[in-house]
Amino acid sequence: METSDPMVEPVVRLRDASLSFGNRLLWDGLNLDIAPGEFLAVLGPNGSGKTTMLRTLLGLQQLSGGTVEVAGKPATRGSRLVGTIPQQRPFAENTPLRARDLVALGIDGHRWGIRLNRRAIRKRVDELLELVGASSYADRPVGVLSGGEQQRLRAAQALADNPRLLLCDEPLLSLDLHHQQAVSGLIHRQACDRGSAVVFVTHEINPILQYVDRVLYLAGGRFHVGTPAEVMRSDVLSELYGSPIEVFESNGRIVVVGMPENVSHTHPSAGA
Ligand SMILES: Nc1ncnc2c1ncn2[C@@H]1O[C@H](COP(=O)(O)OP(=O)(O)OP(=O)(O)O)[C@@H](O)[C@H]1O
């Protein structure tokens, strides 16, 4: 999709954004617009700042410098314009919610100035349950469902109000291949058909490669933004990691070889 049309108001606008904790620099000088309908994958090693990036967009983490806007306003916590599929944490077995109750939590009872009645909410919940293949367990308590079943409900909840910005924190973990494809396809359709901007944090680009418009790759306090073909290259990743990395394609999959186990997140000029 076209991502650089100056006439299209971006959903996310980061300007000269920097974030550090003590002398640990996560990113610096980051300028990034994310357009409606764009699918951005955020990649990088453990601790490189992927989840922190989502927290920044959610208004839960202040930048050290620069600005972050969502839909033209400074990112603020609790925005109904933002939907989130969080990193999986299992529900306690005795959580007093059925699957359908969890999905209903994503629906704002007031839309277009009208209070939705119970029947309208139930209809929307049924649609969403169907969309993620969860109709068969709609009335079961969430705490007894498998990790993958719970994760599909979280996806349904995040999509419930057609968010302008959909944040996904490794949403495919614990899903089997079939449901990985179903959930990633669902997220992609949300971007294409509904115009949600998607920010998708993942360690593994291959399951979503066909959907990704651009990659934000974070590593060692540096970053690179571009299409998968521009970023997933030996020279780009070698520079980011500061050591030789080989990237090649095999059967339509990207294979990365030589990833260092420990990556420094310390700003080179911080002297640590
Ligand atoms: N509030 C905080 N105070 C201090 N350090 C923090 C804080 N939040 C995050 N960090 C540090 O920032 C770094 C980035 O964390 P983050 O969770 O964003 O990494 P990540 O890329 O999502 O990692 P993973 O792949 O392991 O999930 C980590 O080293 C983390 O300890």
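When a ligand or atom number is given, it counts from 1 through the structure's own listing order.
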Undergrad: With heavy-atom distances below 4.0 Å as the criterion, list the atoms of ligand 1 near Thr52.
TA: 9 (C), 14 (C), 15 (O), 16 (P), 18 (O)
Undergrad: Mark up the atoms of ligand 1 that fall under 4.0 Å of a heavy atom belonging to His203, in ascending order.
TA: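 So the answer, numbered in order with elements, is 25 (O).
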Undergrad: Taking all non-hydrogen atoms of both residues, which atom of Pro163 and which atom of Gln190 are closest, and how far apart?
TA: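 Between these two residues, the closest heavy atoms are CD-NE2, 4.0 Å.
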Undergrad: Is the closest heavy atom of Pro45 to ligand 1 under 4.0 Å?
TA: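 The answer is yes, since Pro45 has a heavy atom less than 4.0 Å from ligand 1.
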Undergrad: Tell me yes or no: between the side chains of Gln61 and Thr52, is some donor less than 3.5 Å from an acceptor?
TA: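 No - no donor-acceptor pair under 3.5 Å links their side chains.
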Undergrad: Run the contact test for Arg55 against ligand 1 with a 4.0 Å cut-off on heavy atoms, strictly below, and give the result.
TA: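 Per 4.0 Å heavy-atom rule, Arg55 does not contact ligand 1.
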Undergrad: What is the minimum heavy-atom distance between Arg154 and Arg89, and which atoms define it?
TA: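 Closest approach of Arg154 to Arg89, heavy atoms only: NH2-O, 2.5 Å.
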Undergrad: Does even one non-hydrogen atom of Gly44 get within less than 4.0 Å of ligand 1?
TA: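 It does not; every heavy atom stays at 4.0 Å or beyond.
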Undergrad: Would you confirm whether Ser48, through its side chain, and Pro45, through its main-chain N or O, come within 3.5 Å as a donor-acceptor pair?
TA: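 Judged by distance alone, yes, a pair lies under 3.5 Å.
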Undergrad: Is Arg24 close enough to touch ligand 1? Criterion: a residue heavy atom under 4.0 Å from a ligand atom.
TA: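 Yes; Arg24 lies near enough to ligand 1 that a heavy-atom distance drops under 4.0 Å.
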Undergrad: Are any non-hydrogen side-chain atoms of Trp27 and Leu14 less than 4.5 angstrom apart?
TA: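 The answer is no; the side chains never approach within 4.5 Å.
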Undergrad: Donor-acceptor pair, Ser18 side chain versus Ser64 backbone, under 3.5 Å?
TA: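 Not at all, since once roles are kept as given, no pair shorter than 3.5 Å links the two residues.
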Undergrad: If I apply the N/O under 3.5 Å rule, does Gly49 come out as touching ligand 1?
TA: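 Such a contact does occur with ligand 1.
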Undergrad: Consider every N or O of Gln61 and every N or O of ligand 1, then say whether any pair is closer than 3.5 Å.
TA: no
Undergrad: Looking at Tyr211 and Ser184, would you say the former's side chain and the latter's main chain have a donor-acceptor pair under 3.5 Å?
TA: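 Answer holds: no.
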Undergrad: Going by distance only, is there an N or O of Glu170 that falls short of 3.5 Å from an N or O of ligand 1?
TA: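 Glu170 vs ligand 1: no N/O contact under 3.5 Å.
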Undergrad: Which is closest to atom 13 (C) of ligand 1 in terms of heavy atoms, Gly47, Ala219, Ser48?
TA: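 The option holding the nearest heavy atom is Gly47.
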